[in-house]
Amino acid sequence: MQYLNLAIDNGKTNITAELLNYKNEHFPGFDPMAEFTLDDL
């Protein structure tokens, strides 16, 4: 989530999209609107 927030804050839409896509493909069980950290694994 930290990387997502950094990409969003800096207006890096392509990176934001790639990070969200990676998150959704590799961790489908998580709520897409919830905060995401690797500690949740």
Side-chain angles (χ1 to χ4, degrees):
M1 199 66 202
Q2 179 181 4
Y3 293 122
L4 279 170
N5 289 337
L6 185 61
I8 292 166
D9 290 345
N10 288 289
K12 304 299 182 184
T13 54
N14 289 342
I15 294 172
T16 301
E18 287 296 326
L19 288 170
L20 285 171
N21 187 50
Y22 179 87
K23 177 185 141 185
N24 292 335
E25 285 181 358
H26 290 86
F27 306 101
F30 286 94
D31 178 359
M33 300 307 288
E35 283 284 313
F36 176 77
T37 66
L38 292 177
D39 296 334
D40 295 335
L41 302 176

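Note that this is a predicted model, so its numbers are computed, not measured.
In this structure, the separation between CG on L19 and CD1 on I8 is 9.0 Å, given to the nearest 0.5 Å. Separation of atoms NZ (K12) and CG (L4) is listed at 15.0 Å; rounding is to 0.5 Å.
Checked against side chain to side chain contact (heavy atoms under 4.5 Å, CB included), Y22 has the following partners two or more places apart in sequence or in another chain: H26, F27. Under the side-chain hydrogen bond (donor to acceptor under 3.5 Å, both in side chains) criterion, N10 pairs with no residue, sequence neighbours left out.
Under the 4.5 Å side-chain heavy-atom criterion for grouping Ile, Leu, Val, Met, Phe, Trp and Tyr, L6 is not connected to I15 through any hydrophobic cluster.
Atom CG of N21 sits in a crowded spot, with more than 12 heavy atoms from other residues, nucleotides or ligands closer than 6.0 Å.
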